[in-house]
Engineer: 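Structure provided below as structure tokens; questions to follow.
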Amino acid sequence: VVFGLAFLAGLFMVLVLFNLQHQVQQDIDPYYFGKMGESIAHGHGFEGFGSLIHRRAPLYPLAIGGLFAAFGDHTTVVLVVQSVMFAATATLAFDIARRLFNLRTGVIAGLLCTMQPMLLRYVPTLHLETQLTLLYTLLLWLMLRFRKQPTLLNGALVGVVAAGGTLTKSVVLFLPLAFVVGLLLERRSTARANQSAIRSPWRPLFALFAVMGLAILPWTVRNYQVTGHFVPVSSGTSDAFLRGFIFSETKYITLSEPPYTGAENASNEYFKSLAAEAGTVWEADDYETDQILNKEAKRRLIHEPGPVARKTVVGLFTFWYQLTSFKNSLLALVLAVGGWALALIGWRRARSEGISTWVVFTAILYLNLLLAPLLALGRYSVPVIPALMVMAAYGIDTLLGRRMQTRRVTR
């Protein structure tokens with residue numbers, strides 16, 4: 001039921017609502033992923049898109065290219081597949097909540113995802129968020145499974161999906177490491193509490209990282225062949241870090257000026273000036289541009305600790321709301337605040353009942369904390385929303401339980 005409702009909601013966005021709305025730009029391919037997919041489908045690979053494909057990771061355009069090769073250059077096919085991805089994400093949220101808490105919480109979590117505007121917004125466009133959110137939520141589902149059964153197979157599955165997420169967007173790269181650190185600390189704490197030895201699952205953990213590394217390796221080798229330098233997935237860390245100084249300016253975080261035009265244009269002019277000072281042209285060569293930005297990022301990190309700290313603190317909050325306009329950002333902010341309020345209610349109840357939720361919160365906070373010192377925009381919070389909805393659903397379940405109990409007492 002959850003899958004079916006979510007799929008229909010996704011199709012409705014694709015076929016009807018997106019063309020009727022005027023809240024977001026109706027350009028469905030602003031980052032040229034569709035163009036890259038066409039190039040791949042026609043046998044030209046990433047030709048014409050830069051040696052490091054301009055800070056992008058390869059899996060999303062490769063997926064589009066595969067669909068175009070199979071069905072022709074029909075964007076609608078991709079959007080229908082994204083509706084399936086969206087439905088699968090909602091179903092995973094249902095199953096995570098069902099397994100962690102109870103069936104009612106699972107249903108609530110699935111329905112929250114089905115109705116979540118931030119998730120629905122990217123289904124009818126060629127943004128990587130829908131694919132990334134599916135892989136991120138699947139990774140959370142598998143990490144919870146690994147925590148319960150740390151087998152070689154489960155370790156390998158975590159590694160494969162983590163690699164897929166990383167090759168969709170490189171920010172996923174260190175989430176498995178954060179999970180493993182938490183897992184080892186939990187097992188150590190349990191061993192101390194029980195005054196007994198608990199063997200750590202070293203072989204499954206090795207399988208996790210080995211499979212993940214092997215899955216990413218071909219793209220790393222490709223990057224070395226075209227640049228002559230070691231670039232594991234993509235460039236762009238310094239680009240994001242430097243843009244963050246501009247996007248965190250007061251006029252943009254208060255949305256008195258639209259960040260996706262004003263801040264974006266100001267960032268581009270800043271980078272062009274840095275390239276001109278270095279005697280070259282911005283983005284004429286991906287790797288060269290990255291090195292210029294690395295030098296500037298290092299300078300500002302060392303000599304401007306105050307502004308770096310400020311933009312990091314600001315980024316903890318803009319991660320949840322900073323979008324293209326005041327109305328869109330306000331909606332995102334209200335949804336985030338409501339989600340967190342309900343999630344904390346759910347967390348308190350889970351803690352009192354001895355239900356461990358640290359894996360879910362690790363997935364939520366990982367991206368928030370990672371992107372805060374870099375560039376933390378509202379769009380980047382989309383992959384963690386299903387995890388937040390799982391905890392929010394338990395908060396709603398708690399409130400429903402209290403209401404039912406009050407009714408019984410009244411009667």
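For reference, positions follow the sequence shown, starting with 1.
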Engineer: Closer than 3.5 angstrom, by distance alone: can the side chain of D290 be matched with the main-chain N or O of S235 as a donor-acceptor pair?
Structural biologist: no
Engineer: Roughly how far apart are W347 CH2 and T398 OG1, rounded to 0.5 Å?
Structural biologist: 13.0 Å
Engineer: Do F209 and V180 pass the side-chain contact (heavy atoms from CB on, under 4.5 Å) test, and can you show the C-alpha distance, the side-chain angles, and the key distance before you say yes or no?
Structural biologist: CA-CA 10 Å; F209 289 113; V180 168; 3.7 Å; yes
Engineer: Using the side chain to side chain donor-acceptor pair (under 3.5 Å) definition, which of the options E129, Q131, R56 pairs with T168?
Structural biologist: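 Output: one option passes, namely Q131.
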Engineer: Should L184 and L205 count as side-chain neighbours, where that means a heavy-atom distance under 4.5 Å?
Structural biologist: yes
Engineer: Out of curiosity, L157 CG to T151 OG1, how far, rounded to the nearest 0.5 Å?
Structural biologist: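 Taking CG in L157 and OG1 in T151, the distance rounds to 7.5 Å.
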Engineer: What's the separation between atom CG in L274 and atom OG1 in T280, rounded to the nearest 0.5 Å?
Structural biologist: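 One finds 12.0 Å between CG of L274 and OG1 of T280.
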Engineer: Can you check whether T105 reaches I396 side chain to side chain, under 4.5 Å on heavy atoms?
Structural biologist: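 Of all side-chain heavy-atom pairs linking I396 with T105, none is under 4.5 Å.
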Engineer: Under the side-chain contact (heavy atoms from CB on, under 4.5 Å) rule, what do K148 and L144 come out as? Steps first, then yes or no, please.
Structural biologist: CA-CA 7 Å; K148 189 174 181 179; L144 287 164; over 6 Å; no
Engineer: Looking at every non-hydrogen atom in both residues, tell me the closest pair between S83 and V14 and how far apart they are.
Structural biologist: OG-CG2, 3.7 Å
Engineer: So R349 and D397, do their side chains get closer than 4.5 Å, heavy atoms only?
Structural biologist: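 Yes. Closest side-chain heavy atoms under 4.5 Å.
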Engineer: Looking only at non-hydrogen atoms, find the nearest pair between F68 and T75 and report the distance.
Structural biologist: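 In this case the closest contact between F68 and T75 is CE2-N, 4.0 Å.
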Engineer: Could you please spell out the steps behind the side-chain contact (heavy atoms from CB on, under 4.5 Å) verdict for R147 and E186?
Structural biologist: CA-CA 10 Å; R147 175 180 172 270; E186 179 187 45; 2.7 Å; yes
Engineer: So how far is it from Y32 OH to I53 CD1, rounded to the nearest 0.5 Å?
Structural biologist: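 One gets 15.5 Å once the value is rounded to the nearest 0.5 Å.
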Engineer: Quick check: closest heavy atoms across G401 and R104, and the distance to 0.1 Å?
Structural biologist: N-NH2, 3.9 Å
Engineer: Without hydrogens or angle criteria, can the side chains of W320 and N368 be said to hold a donor-acceptor pair below 3.5 Å?
Structural biologist: yes
Engineer: So, E249 side chain and K251 main chain: donor-acceptor pair closer than 3.5 Å or not?
Structural biologist: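 The answer is no, because no donor-acceptor pair under 3.5 Å joins these two groups.
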Engineer: To the nearest 0.5 angstrom, please state how far the OG1 atom of T91 sits from the CD1 atom of I96.
Structural biologist: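 Nearest 0.5 Å value for the OG1-CD1 distance: 11.0 Å.
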Engineer: T133 side chain to T130 main-chain N or O, any donor-acceptor pair under 3.5 Å?
Structural biologist: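 No, because the side chain of T133 does not come within donor-acceptor range (under 3.5 Å) of the backbone of T130.
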Engineer: Examine distances only and state if a side-chain atom of S329 and a backbone atom of Y321 form a donor-acceptor pair shorter than 3.5 Å.
Structural biologist: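 Yes, S329 side chain to Y321 backbone: donor-acceptor pair under 3.5 Å.
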Engineer: Decide if the gap between the ring center of H127 and the ring center of Y31 is smaller than 6.0 angstrom.
Structural biologist: yes
Engineer: Measure from the side-chain N and O atoms of Y136 to the backbone N and O of A363, and report whether any donor-acceptor pair falls under 3.5 Å.
Structural biologist: yes
Engineer: Please tell me if the side chains of I246 and Y252 come closer than 4.5 Å, counting only heavy atoms from C-beta onward.
Structural biologist: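 Yes, at least one pair of side-chain atoms sits under 4.5 Å.
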Engineer: Are any of the side-chain heavy atoms of W340 and I364 separated by less than 4.5 Å?
Structural biologist: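 Heavy-atom side-chain distance check passes, below 4.5 Å.
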Engineer: Main chain of R145, side chain of R99: is a donor-acceptor contact present, judged purely on distance under 3.5 Å?
Structural biologist: no
Engineer: For L92 and L134: C-alpha separation, side-chain torsions, deciding distance, then whether side-chain contact (heavy atoms from CB on, under 4.5 Å) applies.
Structural biologist: CA-CA 8 Å; L92 283 168; L134 171 60; 3.9 Å; yes
Engineer: Would you say that F7 contacts L11 through its side chain, given a criterion of any heavy-atom pair below 4.5 Å between the two side chains?
Structural biologist: yes
Engineer: Answer yes or no: is there a donor N or O on one side and an acceptor on the other, between the side chain of Y60 and the main chain of L128, under 3.5 Å?
Structural biologist: no
Engineer: Can the ring centres of F46 and W219 be said to be less than 6.0 Å apart?
Structural biologist: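 Yes - the distance between ring centres of F46 and W219 falls below the 6.0 Å cut-off.
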Engineer: Can you find a heavy atom in the side chain of S248 that is under 4.5 Å from one in the side chain of Q322?
Structural biologist: no
Engineer: Check for me whether K35 meets the cation-pi criterion with F49, that is, NZ or CZ under 6.0 Å from the six-membered ring centre and within 45 degrees of the ring axis.
Structural biologist: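 The answer is no, since K35 fails at least one limit relative to F49.
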Engineer: Considering only NZ, NE, NH1 and NH2 on the basic side and carboxylate oxygens on the acidic side, decide whether E283 and K272 come within less than 4.0 Å.
Structural biologist: no
Engineer: Rounded to the nearest 0.5 Å, what separates atom CD in E38 from atom CG in D73?
Structural biologist: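 Between E38 CD and D73 CG, I get 4.5 Å after rounding to 0.5 Å.
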Engineer: Counting N and O atoms only, with roles assigned by atom type, does the side chain of N328 sit under 3.5 Å from a partner on the main chain of L323, one being a donor and the other an acceptor?
Structural biologist: no
Engineer: Just wondering, more than 12 heavy atoms not from R310 lying within 6.0 Å of its CZ?
Structural biologist: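 Check passes, neighbour count above 12.
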Engineer: Check whether any side-chain heavy atom of V390 lies under 4.5 Å from a side-chain heavy atom of F101, and answer yes or no.
Structural biologist: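 Side chain of V390 against side chain of F101, heavy atoms only: contact under 4.5 Å found.
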Engineer: For the residue pair F241 and F245, categorise the inter-ring angle as parallel (less than 30°), tilted (30 to 60°) or perpendicular (more than 60°).
Structural biologist: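 F241 vs F245 ring planes: perpendicular.
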Engineer: Name the orientation class of the two ring planes belonging to W282 and F271 (parallel below 30°, tilted from 30 to 60°, perpendicular beyond 60°).
Structural biologist: tilted
Engineer: Backbone N or O of R55 within a donor-acceptor pair of the D286 side chain at under 3.5 Å?
Structural biologist: no
Engineer: Does the S170 side chain pair with the main chain of T166, one donor and one acceptor, at a distance under 3.5 Å?
Structural biologist: no
